[in-house]
A.B. asks: 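Pasting in a structure now, in structure tokens, and then I'll have a few things to ask.
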Amino acid sequence: MTFYNLIEEIDIEHSSVCNAACPQCTREFKPGDYSWFEQTWLPNEFYEQRIPQEVYDNLKNIYFSGMVGDPCTAPNFLEVCKIIRRKAPHAYITVSTNGGMRSP
């Protein structure tokens, strides 16, 4: 027996990339030096293959919180939202972003 049908909300840190330099952010532990962690984002395959359809079937909310990186900085983020919409058409998608995807 799985418990996938009990999962109603998930929070995903999609990206560790961010162009802001907020002084209170974990990323600014060493201001301007991001060599201590990998700046990357989750591939589309994560959403296609790693999250079982049974999770999507009961999902009410999916949050992209951006605690370390801004989800919108990932070049695949729009495609990820489309994947989620296709797999969980009834779920709300919430995105936390600084809204400034310009150059640093």
Side-chain angles (χ1 to χ4, degrees):
M1 177 180 181
T2 66
F3 296 96
Y4 293 145
N5 62 328
L6 301 176
I7 299 171
E8 295 182 349
E9 298 181 338
I10 56 176
D11 190 331
I12 296 178
E13 184 73 27
H14 179 68
S15 174
S16 62
V17 179
C18 187
N19 64 332
C22 303
Q24 74 279 13
C25 182
T26 302
R27 298 169 51 82
E28 296 304 312
F29 171 69
K30 296 178 180 179
D33 175 10
Y34 308 121
S35 63
W36 57 279
F37 70 95
E38 184 179 1
Q39 294 193 90
T40 189
W41 51 86
L42 292 171
N44 294 2
E45 292 77 25
F46 174 82
Y47 301 93
E48 292 278 10
Q49 299 168 5
R50 294 290 184 184
I51 300 175
Q53 185 59 47
E54 293 87 358
V55 171
Y56 286 115
D57 290 343
N58 295 296
L59 201 59
K60 293 182 181 172
N61 297 298
I62 183 165
Y63 302 100
F64 291 99
S65 59
M67 296 302 292
V68 174
D70 192 313
C72 297
T73 60
N76 69 338
F77 189 61
L78 182 58
E79 185 60 32
V80 163
C81 290
K82 290 177 182 178
I83 291 168
I84 291 168
R85 180 57 58 226
R86 185 179 77 248
K87 292 179 144 297
H90 52 280
Y92 288 98
I93 300 172
T94 302
V95 181
S96 288
T97 177
N98 65 34
M101 268 35 79
R102 292 180 227 106
S103 64

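Since the structure is predicted, the reported quantities are computational estimates derived from the model, not experimental observations. We count residues from 1, following the sequence as given. Hydrogens, waters and symmetry mates play no part in the numbers below; they use all other heavy atoms, side chains included.
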A.B. asks: State which residues pass salt bridge (charged side-chain N to carboxylate O under 4.0 Å, His left out) with Glu9; sequence neighbours excluded, sorted by chain then number.
C.D. replies: none

A.B. asks: If you link I, L, V, M, F, W and Y whenever their side-chain heavy atoms are under 4.5 Å apart, who else ends up in the same group as Leu78?
C.D. replies: none

A.B. asks: Holding to side-chain hydrogen bond (donor to acceptor under 3.5 Å, both in side chains), I want the full list of residues that pass it with Glu48, two or more places apart in sequence or in another chain.
C.D. replies: Arg86

A.B. asks: Does anything in residues 61-83 form a salt bridge (charged side-chain N to carboxylate O under 4.0 Å, His left out)? List the pairs, not counting sequence neighbours.
C.D. replies: none

A.B. asks: Say you draw a straight line from CG of Asn61 to OG1 of Thr94; how long is it, rounded to the nearest 0.5 Å?
C.D. replies: 6.0 Å

A.B. asks: Which pair of heavy atoms, one from Cys18 and one from Gly69, lies closest together, and at what distance?
C.D. replies: CB-CA, 4.1 Å

A.B. asks: Measure the acute angle between the ring planes of His14 and Phe77, then classify it against the limits of 30° and 60° as parallel, tilted or perpendicular.
C.D. replies: tilted

A.B. asks: Could you work out, with side-chain hydrogen bond (donor to acceptor under 3.5 Å, both in side chains) as the rule, every residue matching Thr26, not counting sequence neighbours?
C.D. replies: none

A.B. asks: Between Phe46 and Asn76, is any pair of side-chain heavy atoms under 4.5 Å apart?
C.D. replies: no

A.B. asks: Give a yes or no on whether Val95 and Tyr47 share a hydrophobic cluster (residues Ile, Leu, Val, Met, Phe, Trp, Tyr; joining criterion: side-chain heavy atoms under 4.5 Å apart).
C.D. replies: yes

A.B. asks: Is there a path from Ile7 to Tyr63 through hydrophobic residues (I, L, V, M, F, W, Y) whose side chains come within less than 4.5 Å of each other?
C.D. replies: no

A.B. asks: Establish, from distance only, whether the side-chain atoms of Tyr34 and Glu28 form a donor-acceptor pair under 3.5 Å.
C.D. replies: yes

A.B. asks: Looking only at non-hydrogen atoms, find the nearest pair between Ala91 and Leu59 and report the distance.
C.D. replies: CB-O, 3.5 Å

A.B. asks: How far apart are the closest heavy atoms of His90 and Asp57, and which atoms are they?
C.D. replies: NE2-O, 3.3 Å

A.B. asks: Which of these, Asp11, Ile51, Ile12, sits in a side-chain contact (heavy atoms from CB on, under 4.5 Å) with Ile62?
C.D. replies: Ile12

A.B. asks: Could you tell me whether the side chain of Ser16 and the main chain of Thr40 form a donor-acceptor pair under 3.5 Å?
C.D. replies: yes

A.B. asks: Please name all residues satisfying salt bridge (charged side-chain N to carboxylate O under 4.0 Å, His left out) with Lys60, sequence neighbours left out, ordered by chain then number.
C.D. replies: Glu8

A.B. asks: Sequence neighbours left out, what passes ring-ring contact (aromatic ring centres under 6.0 Å, His included) with Tyr56? Give chain and number order.
C.D. replies: none

A.B. asks: Which atoms form the tightest heavy-atom contact between Met67 and Glu13, and what is the distance?
C.D. replies: N-OE1, 2.9 Å

A.B. asks: Taking side chain as C-beta onward, heavy atoms only, is Arg27 less than 4.5 Å from Val68?
C.D. replies: yes

A.B. asks: Can you run down the salt bridge (charged side-chain N to carboxylate O under 4.0 Å, His left out) pairs that involve residues 29-44, sequence neighbours left out, and say none if there aren't any?
C.D. replies: none

A.B. asks: State which residues pass side chain to side chain contact (heavy atoms under 4.5 Å, CB included) with Gln49; sequence neighbours excluded, sorted by chain then number.
C.D. replies: Glu45

A.B. asks: Applying side-chain hydrogen bond (donor to acceptor under 3.5 Å, both in side chains), can you list everything that pairs with Tyr92, at least two apart in sequence or on another chain?
C.D. replies: none

A.B. asks: Distance check, rounded to the nearest 0.5 Å: Tyr4 atom OH versus Asn58 atom CG?
C.D. replies: 12.5 Å

A.B. asks: Suppose we screen for side-chain hydrogen bond (donor to acceptor under 3.5 Å, both in side chains). Which residues come up paired with Ser96, at least two apart in sequence or across chains?
C.D. replies: none

A.B. asks: Which other residues belong to the hydrophobic cluster containing Val17, where Ile, Leu, Val, Met, Phe, Trp and Tyr are joined when side-chain heavy atoms lie under 4.5 Å apart, directly or via other members?
C.D. replies: Trp41

